[in-house]
Protein chains: 6
Amino acid sequence: MFPGATADREAASYVVVGAPLDVTTTFQPGTRFGPDRVRRFAESYDNYDHRTDQQFTELGVHDAGDVRAWDDVPEYCDYLGGQLRDVVWDGAVPLLLGGEHTVTAPAVEAANPDVFVCLDAHLDLREEYDGNAWSHACVTHRTLQTADEAIILGARTGSADEWARAEADDVTVVGPESVDDWLADPPTFGGRSAYLSVDIDAADPGFAPGTGTMEPFGLSPRQMRDVVRTVASACVGFDLVEVNDRDDGQAAALGGKLLREFVFSHSALDS
Amino acid sequence: MFPGATADREAASYVVVGAPLDVTTTFQPGTRFGPDRVRRFAESYDNYDHRTDQQFTELGVHDAGDVRAWDDVPEYCDYLGGQLRDVVWDGAVPLLLGGEHTVTAPAVEAANPDVFVCLDAHLDLREEYDGNAWSHACVTHRTLQTADEAIILGARTGSADEWARAEADDVTVVGPESVDDWLADPPTFGGRSAYLSVDIDAADPGFAPGTGTMEPFGLSPRQMRDVVRTVASACVGFDLVEVNDRDDGQAAALGGKLLREFVFSHSALDS
Amino acid sequence: MFPGATADREAASYVVVGAPLDVTTTFQPGTRFGPDRVRRFAESYDNYDHRTDQQFTELGVHDAGDVRAWDDVPEYCDYLGGQLRDVVWDGAVPLLLGGEHTVTAPAVEAANPDVFVCLDAHLDLREEYDGNAWSHACVTHRTLQTADEAIILGARTGSADEWARAEADDVTVVGPESVDDWLADPPTFGGRSAYLSVDIDAADPGFAPGTGTMEPFGLSPRQMRDVVRTVASACVGFDLVEVNDRDDGQAAALGGKLLREFVFSHSALDS
Amino acid sequence: MFPGATADREAASYVVVGAPLDVTTTFQPGTRFGPDRVRRFAESYDNYDHRTDQQFTELGVHDAGDVRAWDDVPEYCDYLGGQLRDVVWDGAVPLLLGGEHTVTAPAVEAANPDVFVCLDAHLDLREEYDGNAWSHACVTHRTLQTADEAIILGARTGSADEWARAEADDVTVVGPESVDDWLADPPTFGGRSAYLSVDIDAADPGFAPGTGTMEPFGLSPRQMRDVVRTVASACVGFDLVEVNDRDDGQAAALGGKLLREFVFSHSALDS
Amino acid sequence: MFPGATADREAASYVVVGAPLDVTTTFQPGTRFGPDRVRRFAESYDNYDHRTDQQFTELGVHDAGDVRAWDDVPEYCDYLGGQLRDVVWDGAVPLLLGGEHTVTAPAVEAANPDVFVCLDAHLDLREEYDGNAWSHACVTHRTLQTADEAIILGARTGSADEWARAEADDVTVVGPESVDDWLADPPTFGGRSAYLSVDIDAADPGFAPGTGTMEPFGLSPRQMRDVVRTVASACVGFDLVEVNDRDDGQAAALGGKLLREFVFSHSALDS
Amino acid sequence: MFPGATADREAASYVVVGAPLDVTTTFQPGTRFGPDRVRRFAESYDNYDHRTDQQFTELGVHDAGDVRAWDDVPEYCDYLGGQLRDVVWDGAVPLLLGGEHTVTAPAVEAANPDVFVCLDAHLDLREEYDGNAWSHACVTHRTLQTADEAIILGARTGSADEWARAEADDVTVVGPESVDDWLADPPTFGGRSAYLSVDIDAADPGFAPGTGTMEPFGLSPRQMRDVVRTVASACVGFDLVEVNDRDDGQAAALGGKLLREFVFSHSALDS
Ligand SMILES: [Mn+2]
Ligand SMILES: [Mn+2]
Ligand SMILES: [Mn+2]
Ligand SMILES: [Mn+2]
Ligand SMILES: [Mn+2]
Ligand SMILES: [Mn+2]
Ligand SMILES: [Mn+2]
Ligand SMILES: [Mn+2]
Ligand SMILES: [Mn+2]
Ligand SMILES: [Mn+2]
Ligand SMILES: [Mn+2]
Ligand SMILES: [Mn+2]
């Protein structure tokens, strides 16, 4: 159980769902251990959040455990999507714990946001990767089947085709060096709903080495936190993905903290 | 390059082929790093083998590098099989370095042995695992489409169905406690050809912790070596699979040694 | 949840209880992560046990989770003992997952066996260690307040006082070199009940490096397994202790396997 | 020996004392290995400090080794306090190497400063934690029995009660985002004496993952260094705590560097 | 092979040469594994670079593999120098992968630049270290036998003698706090040629823990990248040294990225 | 200090000397950390030895610390030899802790035994290795300049030349499979003095992965122990070499235990 996620499923405002998919992970595998690792390294966090003056245990977070993964990615995503739709239909906000980034696709479909906001080192705008349209490297492309627009913060690499795709009107890329400016003057979402996906590799590898594909020159933890704080109020869904067990806990500790930051911010703004 | 594998492809009697497939790996992934890791930990082995009075570099071993893996397992296996068939057609013995055990299937198809001999903790006799017929857990089942018979040494676990399947005439299971007896009186293969597949998890986890699914109560390194020595002369193919990078080198060091032992034994008996 | 421990608490014949106490651990700490680690590394074990022809999921094992530990060891042991007494009163066999060996004391009190059987490198017969009577190094001494007799298998070290204490009639020490003899002619417990405590450091460090105090020249995994098989039928309680997270999973994999072996053996003999 | 701590005890201006207490450590244990690890990772530092134009070996630092820890925390702290009082009475500045933060309490009592300055992610202002008044989480509260005032730099988390306690006049909390401002205009201590305690978790986990409870969004190493430089001249005692062995040396390397920085700064200002 | 280094030796504009020398490494050894590790962690980088609109595979990079090292450092450096001179004579730019920093000396001799630019935590201006004039700690001193001038960026430690040597006209030290200023107004090299040597320990240890001698308070990855971008156009040679295998890949990932950044920048400016 | 080595230098019967040489180490370096690591992992051993009924602290063991190593191997060996001669002249038995095996050479010279007994996977009979006559791989060859005879137990690999050299009358090789026979009927040394050198890689890698060059099919810890017990009484010197820090403590724990076993056995036989 995610520490402090003590609410019952029925009464929950937020539902943690683990999705330990680890099939298309490029380079360093282990994201299947992500959900457990994030839960474990969140154990030492205080229940109380001073900024928002809230206790985590009072915010109605339920941990539904993991949706056990298998090798057939489309089939798994379909099944996972069903579980997440149930969460949405129950009026709760899904907090998805990956697993590879691929799991974001069914979550976005379930949450059905207007805008897909993503912290990621990578554009993930490929139509397919190594012949696989269900690769983690295609996930932002895939979410644009649901969302009208994608904002990718911290992105610093992609193929030439992805960068070309990123030129289109429905994609905004905010490079690592531009994130502070973006934070200084963030978009108002108007009445539009958003979904926030945190690929932990948006962080500089110094802060999150435990991920499949480290990409230097990334964001600082505080920048990621400030993006979470900025976007949370508009969000109908959240995920944290691509954490693995190949570091000393840095990636998981940061990831779990960002999830909590999302809940504290979202909850504070609701009230 | 596998240390000492200095022969040219054309002149080679043995061809090392890496197959870093890591898609269906159960539990602990990382077998994609197996081929490189086995090569690395073989660096410190002496060129000379005292028992057979041979220099490794004189035995005609070529390292063809890795057949880069992708997510579509049947497609990959098909392609890998083609590469290995080339080796066989050139009159060389393939030395396959996994990668998950699944890669053994196309190797067996390419080598086309009469008997499939396997060191493994697991029966791997499933028709499918988690809905996937291409899982590593089905590989011995799959090799029986090619080979007439399978001998599984060191096996100590499986499903009820697998154990039932193992009752059939074409399967011989030699449990860890019976391997010494088997070695004392091994089958003569007559003129039949064999293929030897070494799943490193046949070893007790104390000797090979770096593998996907550790299974206690396994074989000692010397038992595995003696099986290699016993079987090598009849073999038309060899593989070493399921080594990953999650230990301090024990699994890779043992694996690389067994591969060399195969070459020394096979070569000595040829002459 | 321990994999396969799917029974409801009410219907359970066996109840897994985690006791992540890690206060008096000598040398290398981390046994607080023992219960989770044992559960994790048991994930890849087959449900089916060929020797006893049983499915683990059909044996009525429930996982009650962990009894969260705190710094006051006597107080914690008292509370833990209460939880375990509930298990015993419900007619189920407690399967305790440590945590430091200290947690065995309340478990023995709860199960109230005639004979305390222990696999341990250490005598653990001290009256106090470093001024602390609640140290893990005193646990066998402490269990003799409940049990009439202790049999310590695999023990190879202790203080002069402990060895003197071990001379008494109520203690039998079976050194590592004598375990095979003991197994060849084990005691019949008659109608007497036993409790089996497995301190993972009974194993040679090569097989279980992830423990607080490695002690070379220990038992092989198969010897430990055979002790479990031999003793299980007489047992009213079982524990596995002193596993930490400082290895590559060897200690946890072995520990989880021994727990399963206990259940398979105990259950088979019941029927 | 801390590298370069070559002075005799009698002639020493600074005395390193290791206090490997690791009893109440929350979450990840191992701070018992902190003193040795800090010494080890300080081996590669140059003797010479360019900024202050001093050689470390000429500054009169003695390493008194460790005060071996045991399980009874109050008793240990009492004994440790005696050792540290001896240092103070000899006119030397104690440089305490933890161990868990708890060891700071007797050091502050021994050094008897007017102001307690602390680098810490946590307020540590609890009266007790899990029923234990001797927990590391209570240490700043405890030092306020000696010091008139506490300044906590880098603090970013605590319970609601701790934050309420922090509102009192005798506590100043300087959050991570405010540390630069504080450094730009630090308090003059007037004639008041200070004690500086460095809980390594004040650093962002990216810079010091080897600690019990990582807390993201922390200080940079240079900020911590600048606090040390700013405060050192007023100090009658120093400690570095909460370093463990669960990373690749980052926490220990930073900790040892800060200790040296303290000595260089303190010594330069003395002269 | 360094990923994407697909050019033939004859056609190459850049030649990667591994030099796994690890003889004089101070403190933590393992830099012998540096070349392989840098290659491995560069696997996940995109071929395309958006800033310069180039594909790495089109830039003519060849990987010549490693020049196997042995214990006689001067002899090895002599031989390595010969290999690198061949590269220079062929009109290609050498990209040397250490190995300890010592290997830079023959590379500078081969490339024969006017200015030696170095990213390093250390001055490396010793005439000898521990009696050894071929130590890594003497490398910048040694390069000044070839180059007219040395610019050392990020340097923060050295002996008193080294700092005195650094006062001379042919040495410029830019401390970590001054690198941003230097980048804002970098020297124009006029027609003078430069050589860029990247000792990974220039980075703060949080970003590159896998190196022999971590030195806190270092550069950020982006500062190092900006130095590479600034200097590349003037360069006739490049190296990356002092990466070892004692972290979770951070040092290697950063190092490989900087090498690519050098190639992209150098190539873009050529055209 | 090696735990329990509390005797004064003057009164000592045994003197521990650390020799962290790590210059010619093949493959995996880190043996420079061997002495500290062996000391650390010996912390948890009981003072009392039941077999010989002795307390370690009463046996007169002094720890003289380390003889700090530098890059010039012959020079270092010369200096180290001087230190060890002092030990011998004082009538004490040197207990050398390597470091690479090379350090055995000066120790043998200092102790001047008639017979050199060695536990090693390797023959170490080369005249030079990679052009270096001071390589660890030449150490047994070198000791034969002092000793009349060498007995190498557990050896299983070497070059053709080494095996040829091993045919000579002054060398006895006892392969791993023959060690039990040798133990059953060990040579009587008559009045001849012996020196015992334990290269930890004599053990199977499962029991001692933390060494430079793992060589499978090795000895069990008990076999090594029994060799120590058998030879100790005749010995005038002892060493333990080739332990590094690249495992979870197994190699160091075994090594420290064997050193203690040597002292207990040697001391018991003296009395
Ligand atoms: Mn992504
Ligand atoms: Mn990404
Ligand atoms: Mn298999
Ligand atoms: Mn298997
Ligand atoms: Mn015990
Ligand atoms: Mn024990
Ligand atoms: Mn604290
Ligand atoms: Mn803290
Ligand atoms: Mn350097
Ligand atoms: Mn440097
Ligand atoms: Mn040797
Ligand atoms: Mn050896």
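Throughout, a chain's letter reflects where its sequence line sits, starting with A, and its residues are numbered from 1.
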Record all donor-acceptor atom pairs with a distance under 3.5 Å between chain B and chain C; write none if the list is empty.
{"from": "B:R126", "atom 1": "NH2", "to": "C:D46", "atom 2": "OD1", "distance (Å)": "2.6"}
{"from": "B:T157", "atom 1": "OG1", "to": "C:D46", "atom 2": "OD2", "distance (Å)": "2.8"}
{"from": "B:G158", "atom 1": "N", "to": "C:D46", "atom 2": "OD2", "distance (Å)": "3.1"}
{"from": "B:E177", "atom 1": "OE2", "to": "C:R225", "atom 2": "NH1", "distance (Å)": "3.0"}
{"from": "B:E177", "atom 1": "OE2", "to": "C:R225", "atom 2": "NH2", "distance (Å)": "2.5"}
{"from": "B:E215", "atom 1": "OE2", "to": "C:K257", "atom 2": "NZ", "distance (Å)": "2.3"}
{"from": "B:G218", "atom 1": "O", "to": "C:R222", "atom 2": "NH2", "distance (Å)": "2.7"}

Would you name the heavy atoms of B:P216 and C:A253 that are closest together and state the gap between them?
CG-O, 3.7 Å
B:F27 versus chain C, the contacting section by heavy-atom distance below 4.5 Å:
side chain
